[in-house]
Amino acid sequence: MQNLPDSLRFWRPRYADVVGLDLGSSAVKAVRLRRIKGKITLVAAGFLPALSLPSAKSDATMPALAPFKLPKALRGRYVALAVPGGAATIKLLTMPARMDKSAELPIREMMAIGDDAVYRIAYELLPMVHGHGETRVLAVALPSVEAQSLPALFPVGVPAICSLEISGLAALTAYQRGPGLNAGAEAEAVLDFGSTSSLLAVFAHGGLVLVRRFDFGASAVTQRVRETLGVDLETAEGILMDGSFDVSKPVAASLENFTRQALISRDFIEHRENCHIGRVYVCGGIAASRDWRAELHRALGVEIAVWNPLACLPALPGAIHGDIAGHESRFAAAMGAALGVMRASP
């Protein structure tokens with residue numbers, strides 16, 4: 001007789017055509033993945049106009065979102081959303097390894113979010129890290145009002161929303177399916193540097209050992225360059241990206257507090273896990289900035305690597321358009337969101 005878990009797989013949806021959307025503040029990054037002859041394949045990728053998402057950090061009434069139209073090439077059957085989640089809480093929790101498997105995990109209590117009725121909480125048990133007698137749980141709490149607003153983007157028919165996660169965490173999935181597959185003995189870190197917030201994660205001994213979020217992002221760096229040079233926002237962004245002027249000093253000044261906190265996290269985790277972080281993989285729009293990468297390298301004393309998340313899968317001809325060249329790392333969250341859904345389906 002077929003056992004129960006196997007029989008239930010019959011009812012799980014098979015995701016064979018998924019669009020990953022990273023709803024960033026500067027642009028929506030989109031990738032479409034399909035199963036072709038049994039292989040997950042990149043069908044299309046591109047930038048779409050930015051959305052103004054409601055945030056629970058604001059006291060203003062949240063406006064209703066208008067339906068979001070996808071171009072034909074990026075119109076799959078399902079949509080996996082990745083959102084900045086500025087008001088979300090992310091924690092890596094530690095549980096006893098030999099706890100009663102039938103007991104309910106005390107996730108809500110350990111998240112310490114106050115009135116948990118106003119949050120959507122999700123968590124995932126992580127593989128046990130070698131040498132540790134404990135289980136780690138990655139947990140996220142997102143304000144319900146933010147989650148409830150998103151179905152309006154795709155209200156009826158196809159495509160249908162099938163998942164929702166925080167962009168920084170989705171980028172970790174892309175890393176695991178890319179550079180993480182060839183990770184050596186040294187620990188590695190991943191830094192998803194968004195517009196207003198950043199997420200730093202460390203992988204060591206075959207597992208995730210640190211997740212830390214910072215309320216600091218690329219907009220603060222651009223603003224410091226703008227003030228220093230006395231130029232408008234668009235010009236400051238262009239200078240930061242193309243390296244036409246030496247802006248190492250304002251970049252270093254803007255990053256000073258962030259790199260100090262990142263160093264504290266690095267020293268703590270290297271001591272706790274008895275490891276050495278040899279490389280930091282970076283993603284996000286600002287990853288293209290030479291001065292930004294140089295300052296991170298100087299401050300952290302490790303290799304700073306930009307990787308291409310679109311290269312981890314076979315791609316159809318013409319899937320990647322020319323305007324993406326040099327900005328591939330911005331698609332880490334979109335790729336991770338779609339991959340996470342398709343890898344989990346039967």
Side-chain angles (χ1 to χ4, degrees), residues 22-29 46-55 57-60 63 83-87 167-168 171 189-200 212-266 280-308 321-333:
D22 176 20
L23 308 182
S25 60
S26 59
V28 173
K29 282 76 69 178
F47 291 109
L48 301 176
L51 286 172
S52 179
L53 294 177
S55 172
K57 284 188 173 183
S58 171
D59 293 330
V83 298
S167 296
V190 181
L191 174 59
D192 179 66
F193 210 80
S195 177
T196 58
S197 64
S198 307
L199 186 137
L200 176 67
R212 183 176 179 186
R213 199 169 191 194
F214 301 86
D215 290 325
F216 178 85
S219 60
V221 181
T222 305
Q223 181 63 25
R224 179 62 70 96
V225 172
R226 178 185 179 185
E227 293 171 353
T228 300
L229 299 182
V231 297
D232 59 32
L233 180 61
E234 184 177 356
T235 302
E237 289 177 342
I239 291 172
L240 189 59
M241 295 304 160
D242 63 26
S244 54
F245 291 90
D246 180 7
V247 291
S248 56
K249 289 185 178 180
V251 168
S254 66
L255 287 173
E256 184 176 2
N257 185 59
F258 168 78
T259 53
R260 183 187 304 116
Q261 294 300 314
L263 280 171
I264 292 173
S265 296
R266 184 201 68 182
V280 178
Y281 285 96
V282 295
C283 55
I286 202 171
S289 170
R290 179 191 60 201
D291 288 321
W292 180 79
R293 297 195 309 271
E295 176 56 25
L296 279 184
H297 173 69
R298 186 200 66 78
L300 302 181
V302 298
E303 177 187 351
I304 305 298
V306 182
W307 98 96
N308 178 5
H321 298 289
D323 61 343
I324 293 177
H327 300 279
E328 291 88 352
S329 77
R330 297 178 67 183
F331 287 83

Correct closest heavy-atom pair for A220 and S254 would be O-CB, 4.2 Å

List the steps, then state whether side-chain contact (heavy atoms from CB on, under 4.5 Å) holds for L200 with R213.
CA-CA 6 Å; L200 176 67; R213 199 169 191 194; over 6 Å; no

Test side-chain contact (heavy atoms from CB on, under 4.5 Å), reference V251, set T222, V225, D246, output is V225

Would you say L48 and K29 make side-chain contact, with heavy atoms under 4.5 Å?
no

Within this structure, what is the CZ-OG1 distance for the pair R226 and T235, rounded to the nearest 0.5 Å?
9.5 Å

Looking at every heavy atom in both R330 and G284, which two are closest together, and how far apart are they?
CG-C, 3.8 Å

Heavy atoms of A287 and V282 approach each other most closely as CB-CG2, 4.0 Å

Nearest heavy-atom contact between S167 and A333 is O-CB, 3.4 Å

Test Q261 against every option in R212, R266, E256 by the side chain to side chain donor-acceptor pair (under 3.5 Å) rule and name the one that passes.
R212

Look only at the side chain of S198 and the backbone of F214, and say whether a donor-acceptor pair between them is shorter than 3.5 Å.
no

Output yes when a side-chain donor or acceptor of E328 lies under 3.5 Å from a complementary backbone atom of G326, and no otherwise.
yes

Shortest non-hydrogen contact from F193 toward A218
CE2-N, 3.5 Å

Test your reading of the model: is there a side-chain donor-acceptor pair from S329 to the backbone of V306, 3.5 Å cut-off?
no

How far does CD of E237 sit from CD1 of I286, to the nearest 0.5 angstrom?
9.5 Å

Could you check whether the rings of F331 and F47 sit parallel, tilted or perpendicular, using 30° and 60° as the cut-offs?
tilted

Under a 3.5 Å threshold, yes or no: a donor from one side chain and an acceptor from the other, between S248 and R298?
no

CH2 of W292 to NE2 of H297: how many Å apart, nearest 0.5 Å?
13.5 Å

So CZ of R290 and CD of E295: to nearest 0.5 Å the spacing works out to 13.5 Å

Take F258 and L296 through the side-chain contact (heavy atoms from CB on, under 4.5 Å) test and state the conclusion after the steps.
CA-CA 10 Å; F258 168 78; L296 279 184; 4.1 Å; yes

To the nearest 0.5 Å, tell me how far D192 CG sits from D22 CG.
7.5 Å

Checking side-chain contact (heavy atoms from CB on, under 4.5 Å) between V247 and each of V221, L229, T228, which is the one that passes?
L229

